[in-house]
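What follows is a set of notes on a single structure, which appears directly below.
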Amino acid sequence: MLEDADNCSFCDAPLAEAGERLEPVAVGAGSSIRMAATAASASPRSSSAEEQSVEPEWRREVSRRLEDYRARRGRLCPDDSQSGLPFSRRSRIREEQAVQERQREAERQRQAERQRIRMAQRKTERVEICVQPELDFSTAAHERAHPQTALIPVASLIERRKAGFLDAIFLGLTYAGFLGLFRSLGGQLVLEKADAVVYLAVFFLFYALYFSLFTTCAESTPGMQLLCLTAVRLDGTVPDTRQLLWRSFGYLLAGATLMLGFLWALWDEDHFTWQDRISQTYITGAMPLIEQDAVELPADRRTFARR
């Protein structure tokens, strides 16, 4: 046992590696002295520092396999530097905090983007509050009537006054003849309030018949015919029966309002009366135009107006 041997006498295995120093160790009194191999380094402090700085082999293997797995899945980014696995509790806490911080930062960015979009929409949005809509008469089906041709001008107010004065004379003579006939047949003419109302009602009846019959059947009253005046459409053509009936209604309405419909021509821009506006016709001293399709009337359309 005290011999200096390099190999074991039983298994022929080396007893010490290169660089190791064999020192005799005393086991106890009366016992034999055995040779024990102790590995002594030249500087023990530097050896311990190198062992701490060198990463264990199994960690390097795990990191390498993790990188291979990421490379196969295509998730390996140039700036994705994950150093190994967080085997300590403190490193796991740091990773969780970093992930939460990134999530909070992303949420703040999304909120800021939504706020910016909302502000941009609020700036470009235009709110109009209309309590009462505007009345657009320009798009109405029956817009304000105007003469459509300069060849058929509107008769002057002086001519129309003369025609109206003649019609008033004719109407007064007719009414006076009716009262004379009534008196000759034994009737009594009494000037009282009740009788005055009856006289006015009868006069309005004569007025309505006078203008209705002559307007519908002859297109003009006797006073207008004496001054060569006639009623035409806005385009200068001869009006049809429907328009003449509306013109007769306009005469009735104008007389029922104490001739206000006739006085309306003083303020109208075209010197139109109520009957002109209602029937879409007007009084002129020129010859009306003749439509090409106005000679032959449809079978279902009958009119008293001359064509």
Mind checking what makes side chain to side chain contact (heavy atoms under 4.5 Å, CB included) contact with P222, not counting sequence neighbours?
D167, F170, Y210, F214

When the ring centroid of F211 is compared with that of Y207, is the distance short of 6.0 Å?
yes

Hey, is R233 close enough to E219 for a salt bridge, meaning N to O under 4.0 Å?
no

Would R64 and E67 pass as an ion pair if we require N to O under 4.0 Å?
no

Non-neighbouring partners of R114 that pass side chain to side chain contact (heavy atoms under 4.5 Å, CB included), sequence neighbours left out
E107, R110, Q111, R118

Just by modelled atom types, is the L289 backbone N or O under 3.5 Å from a matching donor or acceptor in the T237 side chain?
no

What is the distance from atom CZ of F272 to atom CD of Q280, rounded to the nearest 0.5 Å?
8.5 Å

Quick one: pull up CZ in F262 and OG1 in T273 and give me the separation to the nearest 0.5 Å.
6.5 Å

Indicate, with yes or no, if L263 and L157 share a hydrophobic cluster defined by side-chain heavy-atom contacts under 4.5 Å among Ile, Leu, Val, Met, Phe, Trp and Tyr.
yes

Rounded distance (nearest 0.5 Å) linking atom CH2 of W58 with atom OG of S63
9.0 Å

Does a sphere of radius 6.0 Å around CD1 in I158 hold more than 12 heavy atoms from other residues, nucleotides or ligands, not counting ones at 6.0 Å or beyond?
no

Closest non-hydrogen atom pair, P288 against T230
CD-CG2, 4.3 Å

Nearest-0.5 Å distance, CD of residue Q97 to CD of residue E95:
10.0 Å

With sequence neighbours excluded, give me every salt bridge (Lys or Arg N to Asp or Glu O under 4.0 Å) pair touching residues 201-211.
none

Side-chain heavy atoms under 4.5 angstrom apart, residues restricted to Ile, Leu, Val, Met, Phe, Trp, Tyr: same cluster for L151 and M287?
no

Please round to the nearest 0.5 Å and tell me the distance separating atom CG of L258 and atom CG of L260.
8.5 Å

OG1 (T215) and CD (Q275) are apart, to the nearest 0.5 Å, by 8.5 Å

Please report, to 0.1 Å, the donor-acceptor pairs under 3.5 Å made by any side chain of residues 179-190, with sequence neighbours excluded.
residue: S184; atom: OG; partner: G180; partner atom: O; Å: 3.3
residue: S184; atom: OG; partner: L181; partner atom: O; Å: 2.7

With F206, which residues qualify under side chain to side chain contact (heavy atoms under 4.5 Å, CB included), at least two apart?
L171, T174, Y175, F178, V202

Exercise: identify the closest heavy-atom pair between A163 and L229
CB-CD1, 4.1 Å

Any side-chain to backbone donor/acceptor pair from R160 onto A265? Under 3.5 Å, distance only.
no

Taking all non-hydrogen atoms of both residues into account, name the closest pair between R277 and D270 and its distance.
NH2-OD2, 3.6 Å

Would a single hydrophobic cluster contain both M259 and F165, if residues Ile, Leu, Val, Met, Phe, Trp and Tyr are joined by side-chain heavy-atom contacts under 4.5 Å?
no

Please lay out, stage by stage, how T284 and V154 fare under the test side-chain contact (heavy atoms from CB on, under 4.5 Å).
CA-CA 5 Å; T284 182; V154 182; over 6 Å; no

Any carboxylate oxygen within less than 4.0 angstrom of a Lys/Arg side-chain nitrogen, looking at R108 and E105?
yes

Would M119 and R116 count as a side-chain contact (heavy atoms from CB on, under 4.5 Å) if you check the C-alpha gap in whole Å, the side-chain angles of each, and the deciding distance to 0.1 Å?
CA-CA 5 Å; M119 292 298 295; R116 186 183 62 80; 5.8 Å; no

Would you give me the side-chain donor-acceptor pairs under 3.5 Å for residues 245-254, sequence neighbours excluded?
residue: R247; atom: NH1; partner: D276; partner atom: OD1; Å: 2.5
residue: R247; atom: NH1; partner: T281; partner atom: OG1; Å: 3.1
residue: R247; atom: NH2; partner: Y251; partner atom: OH; Å: 3.4
residue: R247; atom: NH2; partner: D276; partner atom: OD1; Å: 3.1
residue: S248; atom: OG; partner: T216; partner atom: OG1; Å: 3.2
residue: S248; atom: OG; partner: L244; partner atom: O; Å: 3.0

